[in-house]
4 protein chains.
Amino acid sequence: MTQDLHEQMKIRRTEILAAALEVFDAHGFGHTTMDMVAAKAGIAKGSLYNYFSNKQDLFCQAFTETLSGDEADADAMIAQDRPAFEKLEWMMDRWFSRFGHFQKIGRLILEVMATAARDEQSPLSPVLQTMYAGWRQRLTMIVEQGKATGEFQDHAEPTVAASLIMGVLDGVVIQAILKVGVQVDAEFLDALKRGVLAGLTAATAPGTGGSQS
Amino acid sequence: MTQDLHEQMKIRRTEILAAALEVFDAHGFGHTTMDMVAAKAGIAKGSLYNYFSNKQDLFCQAFTETLSGDEADADAMIAQDRPAFEKLEWMMDRWFSRFGHFQKIGRLILEVMATAARDEQSPLSPVLQTMYAGWRQRLTMIVEQGKATGEFQDHAEPTVAASLIMGVLDGVVIQAILKVGVQVDAEFLDALKRGVLAGLTAATAPGTGGSQS
Amino acid sequence: MTQDLHEQMKIRRTEILAAALEVFDAHGFGHTTMDMVAAKAGIAKGSLYNYFSNKQDLFCQAFTETLSGDEADADAMIAQDRPAFEKLEWMMDRWFSRFGHFQKIGRLILEVMATAARDEQSPLSPVLQTMYAGWRQRLTMIVEQGKATGEFQDHAEPTVAASLIMGVLDGVVIQAILKVGVQVDAEFLDALKRGVLAGLTAATAPGTGGSQS
Amino acid sequence: MTQDLHEQMKIRRTEILAAALEVFDAHGFGHTTMDMVAAKAGIAKGSLYNYFSNKQDLFCQAFTETLSGDEADADAMIAQDRPAFEKLEWMMDRWFSRFGHFQKIGRLILEVMATAARDEQSPLSPVLQTMYAGWRQRLTMIVEQGKATGEFQDHAEPTVAASLIMGVLDGVVIQAILKVGVQVDAEFLDALKRGVLAGLTAATAPGTGGSQS
DNA sequence: AATGAATGAGTATTCATTCAT
DNA sequence: CATGAATGAATACTCATTCAT
């Protein structure tokens, strides 16, 4: 019975989080009221406080939950014995396959970023920190492998390369969210992959500061 | 005399905008009160409404003003008869020289993006749209020139390449703002330039397109 | 239990309306603050909004409630088989018995009239319209009966007579509210009744219609 | 020159009052701003305070001015040697000829009444008091004359009769302003006159309290 | 645990009035 | 006298949170 009760609450909690995510995404933190969330979740406003201590907490948990996708697949892939080249492609394909979701929660991410950027004490900060650290580490490992096997050129400092790759992915998502012109489709993805890989594999990085001629 | 008055008001307006920018950036739109802005600007709360019709308007103008840097230099440079390669480098150098400012107002930019992403009717949307359109056009022109002169490889679709370049710059700024590990210094910039240019000039992008097989 | 709650809220609502009526009457709509009403009702300011959506709504409901006296007695009386003469007297006696209340809320009525006169879209307009329409109809019926039975002379167009009777009652209330001299007592009422009835029963109105010549 | 200046100001003052009357009537005291009045009068907001000490004062003077029509004609007429009967008719005709104006400023009058009723210290109170006192006196004199000459029956106490006559006129104006159904035209006026005169001249006031049968 | 009525701190905005020019 | 920018008091309304039932 107690078990049932716990199950019940767990389910209810999940329902609330789903409702909260939807409402927060649609209206933003500031314009979302607890009434809205309660209404969407189909429970009384006061009941929310049996599951979450306050609005901040609810927002934070809802965001964390939706972001913490299963990253096990990526780790498993990296552990495999495959060319760094292929691994990087796989990562970008994976990112692309999630593009729709990113766009969906992109507004929320932007808001979270703005909040985290403003207040480092925010409970949201570690969430972003962890996520970025994880992906940077994975990308760094891939680049390192590539350099070790000679697939990638030596001019690429792995952590910097990882940052750039993450940067371009973030940047593209932002342009898509803001609808400032970019059309993200298979062709775009292909160009993106080619560009990134070309930057890493280019036989000779063109001498900066001088023309090629 | 009337001239003096107009001058006075123009100066006052600028002071208010500076104060507003600072406070908005520090606390975000929602947590900034008109009292705060008035106090920072050293005038009475009610006086704000002699210059701006409401809080939204004040925010929008403050943001627009700070973003609309003089882009004449970029256009002048593009018009010159120089290799695309050099032009692109110049652009990235220029971006880097403004990096400090971007970081300073980055939190504000994120908030504006979140707002614009949520409400396309927001007066902030066109500001972002215009800015992105302008820079995309400039970058596209450079890439086109590069392809025409043979500096850049043919696999780079100019508008896509422009998006990618802008994306990586945006993404890097975000990582810097969020302090998620990247250290943006001269060395980083160099790697960034090399990476971007390598992506454009690489003789042949390694066998992408069949990667999934 | 739920029943109790509903009862509780009904009672609370009535208390608020009573408090609101008092404060609105004393200070007028514009000079009454929600704080005043809340204080008088003994609840928190915010709680008012659990019962009324805004100040206008509160005002409108308070006014409507106090005006919508039970008019069933008048209708019942009219339905009886009695001389029109007696019915009209009864009506005026009834009005007189309510004179104290009219005087009490008279300032409010004047303000409502001013509002309704300025804005026909005001929710107060229909309240007045309905009230006037009801009483005009009742008076018209009485005059019609009086003409049919020969009690009243034929020169009295029923709807016009009804308007005049209502007008004199309104006018007297206004003079009483403004304290511009009239002393409304039993003697005055008697004169009023005599005057009205005389106007209806007078055998022949003295040569009006040629007066201008 | 000083004379000219005085003239100038007098003219300006009159213009302001006209503008104020229009705006106050259209929007009511509470919703009229000094800016509106200044704009309508074509001068600067601050200049209003060179002519009137504050908003209240401006309102009061504007209202007083529009109400204080020339009453000399009425007094002259009363002084003539004519039947009371004719005089009373003349008075009602005069009232009717001004009906349009009453309707026009009626909303303002209602608001003034509401204000005066609420605050006897209001400078508006004496304005109304004086106006009512004047007309009551004139009507009382006419009724007294009529009784003395035998035109009117003895049952009419002059001051009470005067109040009733004024009341019906006020009441009719109110109904017209509120647009609650009455159609005030020549026919209506005729009925009104007949009714009033009948009430005064009726050979025998019907025994109150008993039916005629 | 669930409910939802009660709470009251928090704030954008208005506008009569002043006063330096 | 004319002007209109500056002032700041005044106030309706929201909404996260609490707590009695």
Side-chain angles (χ1 to χ4, degrees), chain A residues 5-6 8-9 12 29-39 42-59, chain B residues 1-2 4-6 8-9 12-13 30-38 41-58, chain C residues 1-2 4-6 8-9 12-13 30-38 41-58, chain D residues 5-6 8-9 12 29-39 42-59:
Chain A
L5 207 61
H6 275 200
Q8 277 273 338
M9 286 200 66
R12 188 64 69 94
F29 183 81
H31 291 133
T32 295
T33 71
M34 295 300 264
D35 287 86
M36 288 178 188
V37 177
I43 64 172
K45 176 171 36 168
S47 301
L48 292 177
Y49 290 85
N50 291 328
Y51 297 88
F52 307 93
S53 55
N54 54 36
K55 193 183 174 185
Q56 274 278 350
D57 182 42
L58 172 58
F59 179 78
Chain B
M1 211 157 69
T2 302
D4 281 2
L5 206 61
H6 275 200
Q8 276 275 339
M9 287 199 69
R12 188 64 67 94
R13 179 176 172 279
H31 291 133
T32 295
T33 70
M34 293 302 264
D35 288 87
M36 287 178 187
V37 176
I43 61 171
K45 184 179 12 180
S47 300
L48 293 177
Y49 292 85
N50 289 332
Y51 294 87
F52 306 95
S53 55
N54 54 39
K55 193 183 174 183
Q56 273 278 350
D57 181 42
L58 173 57
Chain C
M1 213 156 71
T2 301
D4 281 2
L5 205 62
H6 275 201
Q8 277 275 339
M9 288 199 66
R12 187 65 68 95
R13 179 175 173 282
H31 291 133
T32 295
T33 71
M34 294 303 264
D35 289 87
M36 286 179 187
V37 177
I43 62 172
K45 180 178 18 176
S47 300
L48 292 177
Y49 293 85
N50 290 332
Y51 295 87
F52 307 94
S53 54
N54 53 39
K55 193 182 173 184
Q56 274 277 352
D57 181 43
L58 173 57
Chain D
L5 207 63
H6 274 201
Q8 276 274 340
M9 288 202 62
R12 188 64 67 92
F29 182 82
H31 291 134
T32 295
T33 71
M34 294 300 264
D35 286 87
M36 287 178 189
V37 177
I43 63 172
K45 176 171 39 167
S47 301
L48 292 177
Y49 290 85
N50 291 326
Y51 298 87
F52 307 95
S53 55
N54 54 36
K55 193 183 175 186
Q56 273 278 349
D57 181 42
L58 173 58
F59 180 78

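All figures in this text were calculated on a predicted structure; none of them were measured in a lab. We name chains A, B, ... by the order of the sequence lines, and we start the count at 1 in each one.
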### Query
Please give, in whole Å, the distance from dA9(E) P to Asp35(C) CG?
11 Å

### Summary
When rounded to whole Å, the CZ to P distance for the pair Phe52(D) and dT18(E) reads 16 Å

### Task
Consider the side chain of Ala44(A), meaning its heavy atoms from C-beta on, and name the nucleotide among dT3(E), dA5(E), dT3(F) that approaches it most closely.
dT3(E)

### Message
OP1 or OP2 of dT3(F) versus the side-chain N and O atoms of Ser47(D): is any pair under 4.0 Å?
### Response
yes

### Message
From the set dA16(F), dA12(F), dA5(E), return the single nucleotide nearest to any side-chain atom of Met34(A).
### Response
dA16(F)

### Task
Could you please name the option among dA6(E), dA6(F), dA12(F) that lies closest to any side-chain atom of Arg12(B)?
dA6(F)

### Query
Whole-Å distance between dT18(F) C1' and Asn50(C) CG?
14 Å

### Message
Any base atoms under 4.0 Å from Thr33(C), or only sugar-phosphate, or nothing? Heavy atoms, all strands.
### Response
sugar-phosphate

### Task
Name the residue closer to the 5' end of DNA chain F, choosing between Met9(B) and Gly46(A) according to the nucleotide with the nearest heavy atom.
Met9(B)

### Message
Quick check for you: among dA2(F), dC13(F), dT7(F), whose closest atom lies nearest to any side-chain atom of Lys55(C)?
### Response
dC13(F)

#### Entry: Assigned partner base of dC19(E), Watson-Crick or wobble definition, under 3.5 Å
dG4(F)

### Minimum-distance nucleotide (side-chain atoms of Tyr49(C) versus dA2(F), dA1(E), dC13(F))
dC13(F)

### Message
If you go through the side-chain atoms of Lys45(A), does one of them form a donor-acceptor pair with the base of dT17(F) closer than 3.5 Å?
### Response
yes

### Side-chain N,O (Tyr51(D)) to OP1/OP2 (dA2(F)) below 4.0 Å
yes

